[in-house]
Amino acid sequence: MELKYSPRSIEQKWQDNWEASQVFKVREDKDKEKYYLLEMFPYPSGRIHMGHVRNYTIGDVVGRFLRMSGYNVLHPMGWDAFGMPAENAAIKAGTHPAKWTYSNIDYMRNQLKQLGFSYDWSREIATCDPSYYRWEQLFFLRMYERGLAYRKSSYVNWCPKCQTVLANEQVEGGACWRCDSVVEQKEMEQWFFKITDYVEELLDYTYKLPGWPERVLTMQQNWIGRSTGSRLLFPLESGKGNIPVFTTRADTLFGATFMSMAPEHPMVADLCRGTSQEAAVMDFVEKAKRSKRDEREAELLEKEGVFTGSYCINPVTGWKMPVYIANFVVMAYGTGAVMAVPAHDQRDFEFATKYGMPIKVVIKPAGAEKPPVAEELTEAFEDDGVLVNSDRYSDMGSAEARDAITESLAQKGLGEKTIQYRLRDWGISRQRYWGAPIPIVYCDKCGVVPVPEKDLPVVLPLDVELLENGGSPLPVYEPFFKTTCPKCGGAARRETDTMDTFVESSWYFARYTCPGFDQGPLDGEAVRYWLPVNQYIGGIEHAVLHLLYSRFFVKTLRDLGYLQEDEPFLNLLTQGRVIKDCFKMSKSKGNVVDPDQMIRAYGADTVRLFCLFAAPPEKDLDWSDQGVEGSFRFLSRMWRLVSENLDALTSVAPCSSGAGLSKDLAQLRRKAHQTIKKVTEDVRERFHFNTAIAAVMELVNQIYQVLEGRRDDPKLWPVMRESIEAVIALSSPMVPHIADELWHALGHRGLLLETPWPKWDESALKAEEILVVVQVNGKLRSRITVPADATDKELEAFALNDPRIREFIGDKPIRKVVAVPRKLVNIVM
RNA sequence: GCGAGAGUGGCGAAAAUGGCAGACGCACUGGACUUAGGAUCCAGCGGGGAAACUCUUGGGGGUUCAAAUCCCCCCUCUCGCACCA
């Protein structure tokens, strides 16, 4: 055995060994408790980065720990392989997205193997493979049958340069994330998934997922944005219809003095037609469209608006309310029109002040004598209170009045209670090439026709030429779009949009349970055995999108009969980012640390160890080259523990009982068992690998201390061996290569992954004597060694007898003594 | 603005249920071994003080025998959403 630790050869050796012996492979086993452990799969962008290394290391420790603890652990890996970067890279490099993607996958798979992760590679999935997305197309058809996938026209983000719709998350500050062109709002026919059908259940379960971080649940709740209120109708003065509004403050209706509408509101053209305002309104609408971008960049735009030339009627006061277009009203929320109550809404207040609109106070603060005077207001009073100037509702409380006013309008057909959500249906059409085709055909005679199930998959053609401008080649690639109608057999055109890549990642975790199944999307037996995912691990950046879409998809698949689960992920761990010198690693900052380079210099075990030790998983991790050195140093220390004492260690069996041990050997043994307990609990209950590692380090430190000048003691080595084996086994989930190597050096033949996790011996934990702190008036004054089982009375006596304490007390009277067995004594004077 | 989270040495961080603040590591200092050390080992390492002591967990109050931890007020930072009616 080499005296010096050199990771390179041993890591390769063990990786080969693990692969050859197929230890990472799992199958359903009814006799074992299953555990589905999953880390978010990567986009095959080329190389893994430190964020991946951290994410997957955390997962690997949990997986290996649970394997050793007796669970049947499913721990798969795959590739989120569709997406725009592949197209862009392919255009740039003159290659094909498929080629680019698969070669990246090969490279990255190898990188992951070099890190020693315990994935069952036989279950690997690439979402761009037709054997994967064909089932997604089937889901689409089933959803279409049930109206859960539908087509409608809507405004979308359109990048004129990239020739595609952009998802909301791909729009940064109103500009395209890649080319920085100003994004336009374009009205287009799009496919949608009806996530809003599940909005109540999605919201409900955010209160039933105790294993999720509060933060993520809150973000989802905010994103769903449920708010209860009233839908009210304001009749037009012209008599030609009503303007519907949504309000949470029906109690302020008597103070509504005008109406504000979004510039894109469909009624705008009608309202101004033929009035003197027509030109001004059209001008304003155009201007509003153009300023979309600035709106997002500037914090808050100054409130601006223009009169439409029309009026509507306040249904309770009968007032003529001028209808305005206002730049701050968003079409996407509510009805796109807002009843303006300047006295009680800050935005309306600013608008009214600017345009000289009447301000009428209708709420006074609860307990106030008199309502505020409108002319003296400097800002709106937005709290609930008591109604004034509101006819028969005056003196009523806000909450009660909301119901009463809505109810009375309801009787006239002008109002109803309603619930409004911020969540919109999920637009899944992408005018991109590198994605799963939407299985739909358009026929001039039959209209929208779904592709028959037997014709799936609709394969994405690979022999296309990419367009220089980045647009999808599918609409101009005849062999693909030209088809016949499945219904009438006439000429028809295929849908050339592809699905949002978030669709693939919404169900991949289910497919891992039966990746090769070809009788349907999911093998019921496998799915029932493995789902739900017990532990999901990934970055916080997916808090809403991916994690919400997946939750929706599982509920949909449940209702389609493919699954039985309500929720995909029981427990969620969102790990922090990897940063360096206070910044997120990025090429532009020049602070990127390359995993390959690190592995070459220090070995995978060191890189893994550092990722785990530097911070608890949910916090950001500050990369430190010196910290990496430190991790390497520790592994070297561990290595020498075995290599320098190999003969002595291999000539004894590990100690298995504390009988007849000298005091310091008993103490070392106690430390070893305390460490087993601490590491087990830190890993199992809290995922606090940093403190688990610290505990192992403490044990190593103590081993070195006991070793010092004691090598001849015949009683030493069995205890030594027991302690060192504990160090190796306990650290094996974190640093598996060195652990297996040392384990074998000690003469073991099996793999640690298949070795039961060490158990602590309760009797070894017990010490006869323990250290107890003595305080006087809450200040530490002395430490005394007492029998471990000393009662509080005995403790008190020991403390009062301590010379240092007696000196402190002198002959002053003692008021009280607090004694906590095994902890401390506090003498109050 | 709304919501959430976090403030502890020179640095990364520890401290379940209130009970020795700073475990473990990095950096630093001194020593040993050495031709040499950026290897290894030993020792020291929050501030003030020669010491006894004393101060110290963002700031200020409070509860308690005892507070990083619980309560109230304030400050700062990070993240998410953001003119959401």
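In what follows, every chain begins at residue 1, and chains take the letters A, B, ... in the order their sequences are listed.
A close approach under 4.0 Å does occur between a side-chain nitrogen or oxygen of A/Arg633 and OP1 or OP2 of B/C26. A/Arg640 has a side-chain polar atom (N or O) that falls below the 4.0 Å cut-off from OP1 or OP2 of B/C41. Phosphate contact (OP1/OP2 of B/C84, side-chain N/O of A/Arg347, threshold under 4.0 Å): present. Close to B/G25, at under 4.0 Å from its OP1 or OP2, lies no side-chain N or O of A/Asn690. The phosphate of B/U78 has neither OP1 nor OP2 within less than 4.0 Å of any side-chain N or O from A/Arg215. Between B/C2 and A/Arg422, no contact under 4.0 Å exists linking OP1 or OP2 to a side-chain N or O. Taking 4.0 angstrom as the limit, A/Asn701 places a side-chain polar atom (N or O) nearer than this to OP1 or OP2 of B/G25. Within the structure, every side-chain polar atom (N or O) of A/Arg424 is placed at least 4.0 Å from both OP1 and OP2 of B/C84.
Between A/Tyr5 and A/Trp639, the ring planes are tilted. Angles from 30° to 60° get that label.
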How does RNA chain B look in dot-bracket notation if pairs are Watson-Crick or G-U with both distances under 3.5 Å, crossing ones as [ ], other-strand ones as |? (((((((..(((......[....))).(((((.......))))).(((....)))..(((((..]....))))))))))))....
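B/G12 has its base anti relative to the sugar, with a glycosidic angle deviating from 0 by more than 90°.
A/Arg551 and A/Gln220 form a side-chain donor-acceptor contact under 3.5 Å, judged by distance and modelled atom types alone. Under 3.5 Å, the side chains of A/Gln346 and A/Glu350 contain a donor-acceptor pair of N or O atoms. Donor-acceptor pairing under 3.5 Å is lacking for the side chains of A/Tyr205 and A/Glu200.
Of the C1' atoms belonging to B/U56 and B/U8, the separation is 10 Å, rounded to the nearest Å. Comparing the same atom, P, in B/A68 and in B/G60 gives a spacing of 14 Å after rounding to whole Å. Across the P atoms, B/A32 and B/U78 are found 49 Å apart, a figure rounded to whole Å. Using atom C1' as the reference point in both B/A21 and B/C55, the two lie 13 Å apart (nearest Å).
Minimum atom distance to the side chain of A/Tyr333 is reached by B/C84, of the listed B/C84, B/C26, B/A15. Comparing atom distances between the A/Lys823 side chain and each of B/C83, B/C81, B/U17 picks out B/U17 as nearest.
Backbone-only contact: A/Gly630 has heavy atoms under 4.0 Å from sugar-phosphate atoms and none from a base. Contact annotation for A/Thr248: backbone-only contact, meaning every heavy-atom pair under 4.0 Å involves sugar-phosphate atoms and none involves a base. Counting non-hydrogen atoms under 4.0 angstrom, A/Arg781 reaches the backbone sugars and phosphates but no base. Within the nucleic acid shown, A/Val338 comes within 4.0 Å of at least one base atom, counting heavy atoms only.
Residues A/Val544 and A/Thr218 each lie close to RNA chain B; by heavy-atom proximity, the contact nearer the 5' end of the strand is made by A/Thr218.
If you look at A/Phe258 and A/Tyr355, their ring centroids are not closer than 6.0 Å. The aromatic ring centroids of A/Phe610 and A/Phe632 lie 6.0 Å or more from each other.
Between the side chain of A/Arg822 and the backbone N or O of A/Ala788, at least one donor-acceptor pair lies under 3.5 Å.
Surrounding CZ of A/Arg8 are at most 12 heavy atoms belonging to other residues, nucleotides or ligands under 6.0 Å away.
Contact of A/Asn826 with B/C65 (side chain to base): a donor-acceptor pair of N or O atoms is detected under 3.5 Å.
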